[in-house]
Protein chains: 2
Amino acid sequence: MPASRATAADPERRRDADRTRSEILEVATREFADRGYAGARVDEIAARTRTTKRMIYYYFGGKEQLYVAVLEHAYAQVRAAEQELDVEHLDPVSAVRRLAGLTYDHHTAHPDFIKLVSIENIHQAEHLAKSEVLTNLKNPAIDVIGRILQRGREDGVFRDGIDAVDVHMVISAYCVFQVANQHTFGALFGRDLLDPGLREHYRTMIGDLVVSYLTST
Amino acid sequence: MPASRATAADPERRRDADRTRSEILEVATREFADRGYAGARVDEIAARTRTTKRMIYYYFGGKEQLYVAVLEHAYAQVRAAEQELDVEHLDPVSAVRRLAGLTYDHHTAHPDFIKLVSIENIHQAEHLAKSEVLTNLKNPAIDVIGRILQRGREDGVFRDGIDAVDVHMVISAYCVFQVANQHTFGALFGRDLLDPGLREHYRTMIGDLVVSYLTST
DNA sequence: TAAGTAACGTACTAGTTCGTACATTACGCG
DNA sequence: CGCGTAATGTACGAACTAGTACGTTACTTA
């Protein structure tokens, strides 16, 4: 039984279901994000892994199921990151700024995820809707925002009548746009939104935007 | 030469280059917007017109050139709408609200355009970058915003140091998100952002958001 | 009105792409 | 240590899809 423990870690292993599976998933994520569902090529994904196309069908069943697996995996990572949000110890205004900044960081750090979401929207979220895994994922960010808003109201710094989902939507819209539309925006306005030199500016801006909205009279 | 005048209007005409060309463009716009570049089918586009695939190649040259033509046509429509922006007679705050509202109206009224932009971003705006027609299109909205901001500063109602392109970006981000991400957002949060009953709420919100940002101290 | 050309249709091809039948081998377990 | 199965590789096929060769006809214009 040391064998079974060595199994997962042994770099000499020639056959490793977990490694093969996750390698396919990783490569497929890039391929789908870069070329869209229809544009992605199963052969190309296979070629970029250490294994063959046969394995994609062995583990995932087909191109569409692989795509759904990629989506589920990507969303799971995002939700995991949202679980880490630790802003409840801050005053409401600081908490909102921090939440916005962290969301900005996460989105800009995971462009593949943003692209997958764009692609899924092109397809009217049909795969997402079909996946129980994904529709059952509750978004922890909403609850976090809800509690911040309530504390802000109690402290008299935030307005009444603001919905947590709306706040989340505004932050998402802003952060998603930076990544999802960077190329057309860059081409049309000659400005790279993700230029490292502009990063602090745009990272601060979403916090300012939301805070001014919440605190305006 | 009455013949040549009757030509364009005559509903009995069997051959009408303009009509055929624009019909192809119209159908192709929907097809590309719905299925993406790789997912779109030339045969399908042809089948939905009164003409045949042969004509697509006759008028446009190929699938890629047709896609570029669709993009150029879509952008031209948007720019035409922006030329109509008439907000300079309003006080700065009202002008910003009106600009935001009109942008919201336009985006929600032209979902195909938003989808095309999403698709073009998946492809890193390579077609847009190649088209001189598109890269030379200057965005009139930026100048409009610039003048509003200046008047607002002069009146002492707006802060200093706000960039017109940033304001445009925020408004775009918000309005694009409503359309581009409506399906995933709807599936994950159980809220249809484009529900007619929510329309006034979301239309007002982007104005409030920007105004509070510009007027905050 | 007749000729020339722009506009159009049909039928086909070459290449691509998802998917699979069949064969093989490494590894865990008794 | 050998047996059974999970894991893997190869080679191929059926279907689809962009693009075109070739032929035809409506419209214009001299």
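Naming convention: chains lettered A, B, ... in sequence-line order (proteins, then strands); numbering from 1 in each chain. Just so it is clear, the model here is predicted, and its values are computed rather than measured.
Side-chain nitrogen and oxygen atoms of Thr51(B) include at least one within less than 4.0 Å of the OP1 or OP2 phosphate oxygen of dG9(C).
Which of dC18(C), dA18(D), dT8(D) sits closest to the side chain of Tyr59(A) comes down to dT8(D). Comparing dT10(D), dG19(D), dA6(D) by their closest approach to the side chain of Tyr58(A) singles out dA6(D). Here the side chain of Arg54(A) is nearest to one of dT20(D), dT10(D), dC8(C), namely dT10(D). Listed nucleotides: dG19(D), dA7(C), dG9(C). Nearest to the side chain of Lys53(B): dG19(D). Closest to the side chain of Arg41(A), from the set dC18(C), dA7(D), dA18(D), is dC18(C). Of the candidates dA6(C), dT10(D), dG9(C), dT10(D) carries the atom nearest the Thr52(A) side chain, counting heavy atoms from C-beta on.
Residue Ala38(A) is classed as having no contact, given no heavy-atom separation below 4.0 Å to the nucleic acid. Counting any heavy atom pair closer than 4.0 Å across all strands shown, Ala46(A) reaches no nucleic acid atom.
Here the P atom of nucleotide dC27(D) and the CZ atom of Arg19(B) are 10 Å apart, to the nearest Å. Per the geometry, CD belonging to Glu23(A) stands 10 Å off P belonging to dT8(D), to the nearest Å. In this structure, Ile24(A) places its CD1 atom 11 Å from C1' of dT8(D), rounding to the nearest Å. In this structure, Tyr57(A) places its OH atom 12 Å from P of dT17(C), rounding to the nearest Å. For Arg50(B) and dC8(C), the CZ to P distance is 11 Å, given to the nearest whole Å. Between the CE atom of Met55(B) and the C1' atom of dC8(C) there is a distance of 4 Å, rounded to whole Å. Tyr37(B) places its OH atom 9 Å from the C1' atom of dA18(D), with the value rounded to the nearest Å. The separation between Ile45(B) atom CD1 and dG19(D) atom C1' is 14 Å, rounded to whole Å.
A donor-acceptor pair is defined here as one N or O able to donate and one able to accept, closer than 3.5 Å; no such pair exists between the side chain of Gln182(A) and the backbone of Leu194(A).
If you check distances only, the side chain of Lys63(A) never reaches the base of dG19(C) with a donor-acceptor pair under 3.5 Å.
Atom CD of Glu200(A) is separated from atom CE of Met205(A) by 14.0 Å, given to the nearest 0.5 angstrom. With rounding to the nearest 0.5 Å, the separation of CD in Gln178(A) from OG1 in Thr108(A) is 8.5 Å.
Leu99(A) and Val87(A) get closest at one heavy-atom pair: N-CG1, 4.3 Å.
Contact check for Leu128(B) versus Tyr75(B): side-chain heavy atoms found under the 4.5 Å cut-off.
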